[in-house]
Number of protein chains: 2
Amino acid sequence: MDDVIEPAAADFQLPRILAALADPHRLATVRYVAVHGESWCGLVMQEAGLAMSKSTFSHHLRILREAGVVTKRISGAKGYAQLRKEDLDSRFPGLMDAIIDAEVPARRA
Amino acid sequence: MDDVIEPAAADFQLPRILAALADPHRLATVRYVAVHGESWCGLVMQEAGLAMSKSTFSHHLRILREAGVVTKRISGAKGYAQLRKEDLDSRFPGLMDAIIDAEVPARRA
DNA sequence: CTCGAAGTTCGATGCAATTCGAACTGTACG
DNA sequence: CGTACAGTTCGAATTGCATCGAACTTCGAG
């Protein structure tokens with residue numbers, strides 16, 4: 001069921017990581033787990049303002065995992081996503097900090 | 001003829017910039033001008049190892065310009081591309097440095 | 001065991017990106 | 001002026017991406 005490959009840090013590919021982060025939904029997801037640490041996927045969807053179906057979110061999370069940006073841990077029926085900050089920093093120092101700390105354009109409620 | 005919009009730094013959109021950099025060809029282009037400074041487009045195509053038609057390169061350069069990553073200057077019949085380093089740094093400090101300084105995977109000749 | 005919650009997978013669909021060649025515009029140079 | 005060079009634009013073909021609903025698995029709670 002879970003044959004998603006989460007690559008080792010040595011196998012990270014910059015274009016793939018950038019592509020994973022280039023989608024606004026995925027960027028919001030990454031920002032959320034960057035700030036809140038390991039988070040339950042359901043909460044991420046709610047709190048990160050992602051209006052999409054479960055299957056679509058699952059798809060996006062897969063992209064992030066296969067690029068090496070996040071890991072997923074399963075506990076019971078729930079899944080928890082976490083940013084692979086150390087691995088990312090080891091391969092691309094400063095990249096995630098720059099992206100996470102970037103000024104977020106004001107979003108009107 | 002040249003109605004490509006090069007956005008002001010204040011209008012930069014992170015997802016768009018990341019998407020522009022996510023393509024290996026465009027990433028190689030950016031890296032080249034980052035190292036060599038303002039460069040003639042023809043040279044960039046040759047030296048950056050881009051095996052593509054002129055029209056395709058023109059397309060990629062447009063993506064980079066519209067995202068705000070590079071500027072183009074026309075001198076006579078030739079065009080010269082330059083990285084908008086200051087503008088990029090002002091909006092996303094550390095981002096371009098991280099990307100430019102990233103270890104490039106060895107490419108076998 | 002049964003039910004609901006949590007996720008994944010599977011088509012299908014619609015949209016966007018990449019690529020090319022051909023035709024065009026404009027510059028430089030004999 | 002005519003030729004070659006530099007680059008853009010325009011379809012057209014191919015491919016990939018985002019999205020959804022439906023069906024399925026798995027876990028936890030009764």
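All chains are named by letter (A, B, ...) in the order of the sequence lines, taking the proteins before the strands, and each is independently numbered beginning at 1.
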Within the structure, does a side-chain N or O atom of [X] lie under 4.0 Å from either OP1 or OP2 of [N]?
X: B:W40; N: D:dC5; value: no
X: A:R62; N: C:dT9; value: yes
X: A:K72; N: C:dG7; value: no
X: B:R26; N: C:dT18; value: yes
X: A:S58; N: C:dG7; value: no
X: B:H59; N: D:dC10; value: no

Using the test side chain to side chain contact (heavy atoms under 4.5 Å, CB included), find all partners of B:S53 that sit at least two apart in sequence or belong to another chain.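 Partners of B:S53 by the side chain to side chain contact (heavy atoms under 4.5 Å, CB included) criterion, ordered by chain and then number, come out as B:S55, B:T56.
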
For A:K78, check side chain to side chain contact (heavy atoms under 4.5 Å, CB included) against everything at least two apart and list the hits.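 Checked A:K78 against side chain to side chain contact (heavy atoms under 4.5 Å, CB included); matches are A:W40, A:Y80.
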
Whole Å only: how far is the [atom1] atom of [X] from the [atom2] atom of [N]?
X: B:F57; N: D:dA6; atom1: CZ; atom2: P; value: 13 Å
X: A:H25; N: D:dC17; atom1: NE2; atom2: P; value: 17 Å
X: B:K54; N: D:dC10; atom1: NZ; atom2: P; value: 16 Å
X: A:L50; N: D:dT19; atom1: CG; atom2: C1'; value: 14 Å
X: B:H60; N: D:dT9; atom1: NE2; atom2: C1'; value: 16 Å
X: A:L21; N: D:dC17; atom1: CG; atom2: P; value: 15 Å
X: A:M45; N: C:dT8; atom1: CE; atom2: P; value: 11 Å
X: B:R73; N: D:dA6; atom1: CZ; atom2: C1'; value: 15 Å

Salt bridge (charged side-chain N to carboxylate O under 4.0 Å, His left out) partners for [X], two or more places apart:
X: A:D23; value: none
X: A:K85; value: A:D89, A:D97
X: B:R91; value: none

Out of C:dG26, C:dT18, D:dG7, whichever nucleotide has its closest atom nearest the side chain of B:K78: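 Given the options C:dG26, C:dT18, D:dG7, the side chain of B:K78 is closest to D:dG7.
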
Side-chain donor/acceptor pairs under 3.5 Å, residues 5-20 of chain B, sequence neighbours excluded:
unit_1 : atom_1 : unit_2 : atom_2 : d
B:E6   : OE2    : B:R65  : NE     : 2.7
B:E6   : OE2    : B:R65  : NH2    : 3.1
B:E6   : OE2    : B:K72  : N      : 3.2

So, do B:H36 and B:V44 sit near enough that their side-chain heavy atoms are less than 4.5 Å apart?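 The answer is no, as the side chains (C-beta and beyond) never meet within the 4.5 Å cut-off.
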
A:L83 side chain near A:I100 side chain, heavy-atom distance below 4.5 Å: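 They are in side-chain contact.
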
Atom pairs under 3.5 Å, N or O on each side, protein against nucleotides 20-22 of chain D: can you list them with distances?
unit_1 : atom_1 : unit_2 : atom_2 : d
D:dC20 : OP2    : A:S53  : N      : 2.9
D:dC20 : OP2    : A:S53  : OG     : 3.3
D:dC20 : OP2    : A:T56  : OG1    : 2.9
D:dG21 : O6     : A:S55  : OG     : 3.0

Using five pairs at each end of the helix from C:dC1-D:dG30 to C:dG30-D:dC1 to define an axis, what is the angle between those two axes, to 10°?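 Answer rounded to 10°: the end axes differ by 30°.
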
Whether the side chain of B:S39 engages the backbone of B:G37 through a donor-acceptor N/O pair (distance < 3.5 Å, no angle test) should be reported.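 Yes, the answer is positive, given that a donor and an acceptor are paired below the 3.5 Å cut-off.
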
Can you run down the ring-ring contact (aromatic ring centres under 6.0 Å, His included) pairs that involve residues 42-61 of chain A, sequence neighbours left out, and say none if there aren't any?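 Non-adjacent pairs meeting ring-ring contact (aromatic ring centres under 6.0 Å, His included): A:H25-A:H60.
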
